[in-house]
Every structure is written in structure tokens, then in C-alpha cells.
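Everything below concerns the one structure shown next.
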Amino acid sequence: RCHHHHSTAMLDVPFLPFCAFLGTLGLLCVAMVGTWCQHWRGGFSLDGSSRTFNWHPVLMVTGLVVLYGAAALVYRIPNTWSGPKLPWKVLHGSLALAAFVLTVLGLAAVFRFHNSQGTPNMYSLHSWMGLGTVLLFSCQWAAGFGAFLLPWAPAWLRALYKPIHVFFGSTILLLSVASCVSGINEKLFFSLKNGTAQYKLLPAEAVFANTLGLLILVFGVLVVGALARPSWKRPDSDCPDSRQ
């Protein structure tokens, strides 16, 4: 027991520096996906061209990965462990809602691009996984809102649903990461062929976008790791405070 405690203490990183690192990594992912679309893919517009498509990766990485990850970690902040829970619930729900809004706009961008180009929608594994993730996310948000923010949910229902909510929180984040990584790969396969340096020759764009994919993966794994870490979990005192 003592040995086990010692080994965890050696790995003990304080939460706030970890958060600062994670925040920096998240911002780097957003900056890199923006740079990729601006520098190599021609920038952004709303005219239905490939520049409309470019909103899709930027909004998805920002919403479904970075903002969603931030929402997931709200209850790991030590300041949230005492005092009223409601402001933190509102923050958690609002960050998740902002992530959802960006995600829906990101979906709208890719559908608009496909429809204006006459490209079929929803035929690739990436699109199936991505849409499935968004549908799961919408169910998760609605159920969380109903169970934890509305005052009339009974305590037993909250207690029953909470572990399910936590489980799907991590699951949706990992699905989001998988969707982003497969989407980056798909975009490179489509874009880097005749007329440009081919993907197999690993041009600068491929190196840059592959690196972005790895950073998104690292971000997702670190968030899920933080959520699973017992010492960072809010001490459970589900007494009157959850009935506020």
C-alpha cells in the first residue's frame, strides 16, 4: 500500500499547471488547423466552394475537441469543490453548449460545400463516425440538462444517471478525436494527388496536418486521463447541494 502511494506521489502533477499545459495544447491545435486551412487550403468564405469547407475542420476541432474538453474538466478544478455547485453546472453546460453550436455550424459548412459541388453526403467512415458523435453529444447534453440543471429531477435519478453521464463524456471526446483524425487523413488523401505534391511524397502540408492529428490525439488522451484520475475527482457529497 505504501509503495503504491509512493509511486502515485512521484507522478503527482498539480492540476492547475496541467490545465495550463492542456489549454496551451488546445489553443495550438486550433491555431494549427486554422493555419492549415488558411495557408494550404486557400482560406475561408461562405460561397459554397472549398473555402466554405475549410470552416468544417476549424469549427470541429475548436468545438468538439477543445471546448468540449474544457467543459469536461470544469469539475476537476479544486475551486469547484466547495460552495454552491450551480454556477459550475451552468459553466459546464454553457461550455458544452458552445461546443455543440460550433459543431452544428461545422456540419452545416461541410453539407453546404457538398451540396453546392454535387458531392454525395454521408458516404465515408469519417462522416458516419462524425455524425454519430454529434448525435450522441446532443443526447448527452439534453439528458445532462434535464437531470442536473432542471430543479425537479429526483436525487435517485441523478445518482443513477451520473456515472452514465461521466462515461459518455469520455466516450464522446474519444469519438470526437477519432473523427477529427480520420477527417484530417481523408482530406489529405483527397487533396494531395494529381496537380499537387502527392501525399506519399510527404510534402510540408502532409507533415503539418499529420502533426496536427497527433496533437489532437494527445489532447484527447490527456483529458480522458485527467477525468479518470481519482485524486482530481470532486469529493462526492451528494447531499443537499445537489438539490439546490
Side-chain angles (χ1 to χ4, degrees), residues 8 15-16 18-19 22-23 26 59-108 122 127-180 216 219-244:
T8 52
F15 180 74
L16 293 176
F18 172 82
C19 256
L22 203 57
L59 290 167
M60 290 311 201
V61 171
T62 307
L64 213 48
V65 177
V66 178
L67 267 182
Y68 186 89
L73 287 174
V74 162
Y75 291 117
R76 298 299 182 271
I77 302 168
N79 311 23
T80 68
W81 294 356
S82 57
K85 209 168 172 180
L86 187 64
W88 300 105
K89 285 185 181 184
V90 171
L91 178 63
H92 174 72
S94 303
L95 283 170
L97 183 61
F100 185 68
V101 169
L102 291 185
T103 301
V104 170
L105 292 172
L107 281 182
M122 303 305 304
S127 62
W128 291 8
M129 186 158 54
L131 192 64
T133 305
V134 175
L135 291 173
L136 198 55
F137 183 10
S138 57
C139 296
Q140 168 89 340
W141 195 91
F145 182 79
F148 301 123
L149 267 171
L150 297 182
W152 54 73
W156 64 265
L157 181 68
R158 292 181 181 204
L160 186 72
Y161 176 59
K162 189 180 167 188
I164 301 169
H165 186 76
V166 171
F167 169 77
F168 277 107
S170 296
T171 303
I172 291 165
L173 182 66
L174 288 177
L175 286 172
S176 302
V177 168
S179 301
C180 286
I216 290 171
F219 179 89
V221 167
L222 287 176
V223 172
V224 170
L227 290 175
R229 194 184 171 99
S231 62
W232 286 351
K233 285 184 178 162
R234 179 190 171 104
D236 236 340
S237 56
D238 272 342
C239 43
D241 80 320
S242 63
R243 291 283 338 132
Q244 58 179 330

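- Side-chain contact between Phe18 and Leu222 is present, with at least one heavy-atom pair separated by less than 4.5 Å.
- From Thr133, atom OG1 reaches atom CG of Leu174 across 10.0 Å, with rounding to the nearest 0.5 Å.
- If you look at Trp141 and Phe145, their ring centroids are closer than 6.0 Å.
- For the pair Trp81 and Ser231, the tightest heavy-atom approach, listed with the atom from each and the gap, is CH2-O, 3.8 Å.
- Between the SG atom of Cys180 and the CG atom of Leu175 there is a distance of 11.0 Å, given to the nearest 0.5 Å.
- Taking all atoms of both residues into account, the shortest heavy-atom contact from Gly63 to Ala99 is O-CB, 3.2 Å.
- In this structure, OG in Ser176 is found 10.5 Å from CZ in Phe219, a value given to the nearest 0.5 Å.
- Leu107 is listed as a side-chain neighbour of Met60, based on a closest heavy-atom distance under 4.5 Å.
- With ring centers used as reference points, Phe148 lies under 6.0 Å from His165.
- Proximity of Leu59 to Leu64: side-chain heavy atoms (C-beta onward) are nowhere separated by under 4.5 Å.
- Here the shortest heavy-atom pairing between Ile172 and Gln140 reads CD1-CB, 3.6 Å.
- To the nearest 0.5 Å, atom CG of residue Leu102 and atom OH of residue Tyr68 are 14.5 Å apart.
- Of all non-hydrogen atoms in Ala159 and Pro163, the two that sit nearest each other are O-CD, 3.2 Å.
- Between Thr103 atom OG1 and Leu97 atom CG the span is 10.5 Å, to the nearest 0.5 Å.
- Counting only heavy atoms from C-beta outward, the side chains of Leu227 and Val166 never approach each other to under 4.5 Å.
- In this structure, the side chains of Leu22 and Leu73 come closer than 4.5 Å at one or more pairs of heavy atoms.
- Heavy atoms only, all atoms of each residue included: Lys89 and Leu149 are closest at CB-CD2, 3.9 Å.
- Expressed to the nearest 0.5 Å, how far OH of Tyr161 lies from CZ of Phe167 amounts to 12.0 Å.
- Contact annotation: the side chain of Arg76 never approaches that of Arg234 to less than 4.5 Å [non-hydrogen atoms, C-beta and beyond].
- Note: Tyr75 and His92 have tilted aromatic rings, judged against thresholds of 30 and 60 degrees for the angle between ring planes.
- Between Ala71 and Ala96, the closest heavy-atom pair is CB-N, 3.7 Å.
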